[in-house]
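Worksheet for the structure shown next.
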Amino acid sequence: GENVEQHPSTLSVQEGDSAVIKCTYSDSASNYFPWYKQELGKGPQLIIDIRSNVGEKKDQRIAVTLNKTAKHFSLHITETQPEDSAVYFCAASLSGSARQLTFGSGTQLTVLP
Amino acid sequence: NAGVMQNPRHLVRRRGQEARLRCSPMKGHSHVYWYRQLPEEGLKFMVYLQKENIIDESGMPKERFSAEFPKEGPSILRIQQVVRGDSAAYFCASSTDRAGFGELFFGEGSRLTVL
């Protein structure tokens with residue numbers, strides 16, 4: 001089955017700096033890669049996703065890049081703000097959809113004021 | 001429009017008891033997914049259901065765990081004879097009739113503690 005590895009497990013940045021979280025996946029057939037943000041005591045919330053026919057996608061301060069050859073994808077957050085502090089999860093799916101996602105182990109991002 | 005509603009938010013059970021977790025999907029969503037999150041870990045897929053049907057239960061333990069999504073009422077994840085290793089947060093998610101091509105919306109989770 002699919003295996004997703006996520007790094008780093010914790011990340012601290014100064015407010016205004018950029019944050020990058022990286023994930024690798026094992027199954028080259030995976031074709032859907034969402035990113036979720038989970039705040040303390042809450043459920044995960046989709047923040048951005050990318051499909052395998054696209055190399056990069058941007059939404060305001062958030063961007064995701066995908067390298068299918070290397071089987072890795074990354075989340076980039078620019079101009080970080082304290083409210084960006086949360087746990088971020090990457091995920092991969094073989095079905096092209098959110099069905100049966102395999103999640104990474106999460107990155108605790110702390111934005112220091 | 002209320003989001004995905006899960007209850008109870010917190011549940012404490014002794015070993016050997018039964019745990020029942022309920023999930024009401026978002027209005028208009030007929031697809032429900034259950035995930036389990038162990039401390040310091042990511043979410044693990046358990047089961048995917050549509051109304052009255054289990055579509056994919058490949059992530060469900062073979063014993064003690066069952067799930068249903070009846071025609072009327074919430075989806076229920078049932079854990080019989082709980083053990084300490086069942087302690088985790090259980091998240092429900094729902095999506096539209098497009099079966100996952102739409103966004104997956106998660107509830108706030110049910111946190112099970114087994115004493």
Side-chain angles (χ1 to χ4, degrees), chain A residues 1-10 21-27 30-54 57 59 73 75 86-109, chain B residues 2-10 21 23-26 29-50 53-60 67 77 88-111:
Chain A
E2 176 65 281
N3 182 48
V4 177
E5 294 195 0
Q6 183 172 347
H7 300 280
S9 57
T10 61
I21 303 170
K22 298 181 179 181
C23 288
T24 60
Y25 59 99
S26 61
D27 195 326
S30 286
N31 50 19
Y32 174 64
F33 308 92
W35 285 88
Y36 288 84
K37 176 183 180 182
Q38 186 177 23
E39 296 176 342
L40 195 62
K42 304 279 188 182
Q45 181 179 15
L46 179 71
I47 54 172
I48 195 166
D49 58 12
I50 191 167
R51 298 187 188 275
S52 58
N53 57 347
V54 175
K57 185 175 178 181
D59 183 4
F73 56 113
L75 177 72
V87 179
Y88 290 81
F89 291 98
C90 63
S93 170
L94 287 162
S95 66
S97 72
R99 184 185 297 190
Q100 200 182 82
L101 292 168
T102 300
F103 281 82
S105 54
T107 297
Q108 173 68 62
L109 173 65
Chain B
V4 177
M5 304 300 291
Q6 289 188 250
N7 68 83
R9 293 292 312 279
H10 300 274
L21 310 176
C23 169
S24 296
M26 285 183 71
H29 287 192
S30 59
H31 299 251
V32 166
Y33 307 76
W34 285 93
Y35 283 81
R36 176 164 63 177
Q37 184 176 35
L38 295 170
E40 309 294 321
E41 291 188 17
L43 293 87
K44 305 289 186 195
F45 169 80
M46 299 181 75
V47 62
Y48 163 45
L49 310 102
Q50 294 180 24
N53 287 305
I54 297 174
I55 306 302
D56 182 347
E57 57 181 349
S58 58
M60 284 273 273
L77 180 67
Y90 292 83
F91 288 93
C92 170
S94 71
S95 69
T96 65
D97 287 341
R98 294 172 70 196
F101 283 96
E103 181 177 343
L104 209 60
F105 291 87
F106 281 86
E108 295 195 334
S110 292
R111 282 150 183 85

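Residue numbering restarts at 1 for every chain, and letters A, B, ... go by the order of the sequence lines. On a predicted model such as this, the values are computed, not experimentally measured, just so you know.
Considering CZ of B/F45 and CD of A/E2, their distance stands at 14.5 Å, rounded to 0.5 Å. Taken to the nearest 0.5 Å, the CG atom of B/L43 stands 9.5 Å off from the OH atom of A/Y36.
Here the closest heavy-atom approach between residue A/K42 and residue B/F91 is recorded as O-CE2, 3.8 Å.
Contacts of B/Q37 with chain A are made by side-chain atoms alone, with heavy-atom separations under 4.5 Å and no backbone atom involved. For A/Q6, no part lies near chain B; criterion is any non-hydrogen pair under 4.5 Å.
The choice from A/A91, A/S105, A/P44, A/G106 that makes the most heavy-atom pairs within less than 4.5 Å of chain B is A/P44.
Heavy atoms from other residues, nucleotides or ligands lying under 6.0 Å from CE of B/M5 number 12 at most. Atom CD of A/Q45 has 12 or fewer heavy atoms from other residues, nucleotides or ligands within 6.0 Å.
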